[in-house]
A.B. asks: 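Supplied in structure tokens, the structure appears directly below.
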2 protein chains.
Amino acid sequence: MTGQVRTVDGRVAGRRGQATRQKLLDCLAEMLSSSPYRDVKVIDVARKAGTSPATFYQYFPDVEGAVLEIAEEMAKEGAGLTELVSGRSWVGKAAWQTSEDLVDGFLDFWRRHDAILRVVDLGAAEGDKRFYKIRMKILNSVTNSLTDAVKELQAKGKVDKEVSAAAMAGSLVAMLASVAGHQKGFTTWGVKQAELKPNLALLVHLGITGKKPVR
Amino acid sequence: MTGQVRTVDGRVAGRRGQATRQKLLDCLAEMLSSSPYRDVKVIDVARKAGTSPATFYQYFPDVEGAVLEIAEEMAKEGAGLTELVSGRSWVGKAAWQTSEDLVDGFLDFWRRHDAILRVVDLGAAEGDKRFYKIRMKILNSVTNSLTDAVKELQAKGKVDKEVSAAAMAGSLVAMLASVAGHQKGFTTWGVKQAELKPNLALLVHLGITGKKPVR
DNA sequence: ACTTGTCCTGTCATGCCGTCAGCTTACCGA
DNA sequence: TCGGTAAGCTGACGGCATGACAGGACAAGT
């Protein structure tokens, strides 16, 4: 696929090298969960990994570069989110189930990767194409499936033609991503997870099918 | 309101002092729009403002502190977003108009303050209560109004009782905020502003009233 | 001109960044 | 077994940002 893993100065990384590289990535990921992105320093990551800053720079151009690596890894897993939508039914009771499963899967994925997703989100919002691409990779896996679903329903005459399938799918996915990113915020504000999920599912259902769900 | 503006070491800032302070804030805001948050350095802000780093530290404890100041300022303006919802009708054709206006106003506000809102969003997602509070202040102004709207419709029996008004309003507002924050992303991906807005309005309408809009 | 309080900056110690030369370690073929 | 070679790591260094302070510049009133 991408050939071998290489150091910044072009060497091919061997067993040991890949191990330390991975350890650095792991430590970086951990730091991102525990301290603000702005305060994550190379020296801290290196210390945590029991190595020196110079070693870090052997494998990554800078913190951002390493973050991209982690994000790329996560994006691979994220591509699997397609399963939540593709091949699922958007008719009758099944549609409600599909909506619920989508919301569940989405929130869960976000919770597992919240730290790195925060940074990806920021990078994308700041206009960095590399981060934007990764964000797309994850969201598109769902967005495209949803877009198809809407188009299909439109073809059957079950949804208004004037609805832009892409815009609708994109908006819904953006909503899921945003809510997922602020899950803690919602709960401290007084909205419980238990009531959040059904409402998100309701909105998804409404957006895709244009109708109230049959439960 | 908050008494006088004070320097870090407790002095009261006079006319001239407040001017440079403001200039520093303006320059910081400008920097935030043009370069990644992580790379914004005190020295650059000071240079841009035609002053020295030491001056910056007279008025702010650090970059984050100054950002909070700007955010606070913006939040005051953001409180005015309530107007987009409160006292508006959610029945018949008027409801569609209300939805459209809300979306318009929201996207516009976000576009005008996108840089600072990005940082606030990040801070909030990272769990910083100060940023979280500011984000709440802005979003709540809309969320609360929307919550009331839903509750009112529920009281009239026009919306299912099982819908959690708060969760619904919160989700919709989160969606608006997220889409607003990635407006550029949407356009480069091929979704035009022109089709994005009506679809958002449609989702808002569906979420609040539970019905398709009458246009 | 002098005083007073506000305002700004030169300077300095500290600490992180990013790079390099050079040392150690692992692998491999003879 | 023994070099030879490439991989792997680090100490050390110049450069820059940070944050604190003391002292100089400035405006306003007397």
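Computation of the quantities below employed the complete heavy-atom set of this structure, encompassing side-chain atoms and omitting hydrogens, waters and symmetry-equivalent molecules. All figures in this text were calculated on a predicted structure; none of them were measured in a lab. Per chain, numbering begins at 1; letters A, B, ... match sequence-line order.
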A.B. asks: Can you check the A:K23 NZ to D:dC9 P distance for me, whole Å?
C.D. replies: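 The answer, rounded to whole Å, is 11 Å.
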
A.B. asks: When you get a sec, tell me which of D:dA20, C:dC8, D:dT10 is the closest nucleotide to the side chain of B:T55?
C.D. replies: C:dC8

A.B. asks: Is there a donor-acceptor contact under 3.5 Å linking the side chains of B:E195 and B:N199?
C.D. replies: no

A.B. asks: So B:H113 and B:F109, would you call those rings parallel, tilted or perpendicular, with 30° and 60° as cut-offs?
C.D. replies: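 Geometry flag for B:F109 against B:H113: tilted rings.
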
A.B. asks: Specify the residue among B:R38 and B:T20 whose closest nucleotide of DNA chain C lies further upstream toward the 5′ end.
C.D. replies: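 Its nearest nucleotide lies further toward 5', so the answer is B:T20.
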
A.B. asks: Between C:dC23 atom C1' and A:Q58 atom CD, what is the distance in whole Å?
C.D. replies: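 Computing the A:Q58:CD to C:dC23:C1' distance gives 13 Å.
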
A.B. asks: Reckon B:T51 has a side-chain N or O less than 4.0 Å from the OP1 or OP2 of C:dC8?
C.D. replies: no

A.B. asks: Whole angstrom is fine here: how far is it from CD in B:Q22 over to P in C:dC8?
C.D. replies: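 It works out to 13 Å between those atoms.
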
A.B. asks: Hey, does the Lys NZ or Arg CZ of A:R118 hover above the aromatic six-ring of A:Y37, less than 6.0 Å from the centre and inside 45° of the axis?
C.D. replies: no

A.B. asks: Rounded to the nearest Å, what distance is computed from the CD atom of residue A:Q18 to the P atom of nucleotide C:dT25?
C.D. replies: 21 Å

A.B. asks: Nearest whole angstrom, please: distance from the C1' of C:dC17 to the CD of A:E64.
C.D. replies: 15 Å

A.B. asks: Under 4.0 Å from any atom of DNA chain D, heavy atoms only: list the residues of residues 40-49 of chain B that qualify, in numerical order.
C.D. replies: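 Correct list: B:K41, B:V42, B:I43.
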
A.B. asks: Check the distance between D:dA7's C1' and A:Y59's OH and give it to me in whole angstrom.
C.D. replies: 8 Å

A.B. asks: Does a salt bridge link B:R130 with B:E64, judged by any charged N lying under 4.0 Å from a carboxylate O?
C.D. replies: yes

A.B. asks: Is any side-chain N of the basic residue among A:R111 and A:D114 closer than 4.0 Å to the acidic one's carboxylate O?
C.D. replies: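 Between A:D114 and A:R111 there is no salt bridge, as every charged N stays at least 4.0 Å from the carboxylate O atoms.
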
A.B. asks: Measure the acute angle between the ring planes of B:F56 and B:F60, then classify it against the limits of 30° and 60° as parallel, tilted or perpendicular.
C.D. replies: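 Correct class here is tilted.
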
A.B. asks: Does A:F56 reach a base, just sugar-phosphate, or nothing at all? Heavy atoms under 4.0 Å.
C.D. replies: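 Counting heavy atoms under 4.0 Å across all strands, no contact is made by A:F56.
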
A.B. asks: Take the protein atom CG of A:D62 and the nucleotide atom C1' of C:dC16, then report the distance between them rounded to whole Å.
C.D. replies: 14 Å

A.B. asks: If you check every side-chain atom of B:A54, which of C:dC17, C:dT9, C:dC27 has the closest atom?
C.D. replies: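 The answer is C:dT9.
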
A.B. asks: With a 4.0 Å limit, can you tell me whether B:Y57 has a side-chain N or O closer than that to the phosphate oxygens OP1/OP2 of C:dT9?
C.D. replies: no

A.B. asks: So, does A:R15 get its side chain near the phosphate of C:dC27, meaning an N or O under 4.0 Å from OP1 or OP2?
C.D. replies: yes

A.B. asks: How far apart are the closest heavy atoms of B:A165 and B:K151, and which atoms are they?
C.D. replies: CB-CG, 3.8 Å

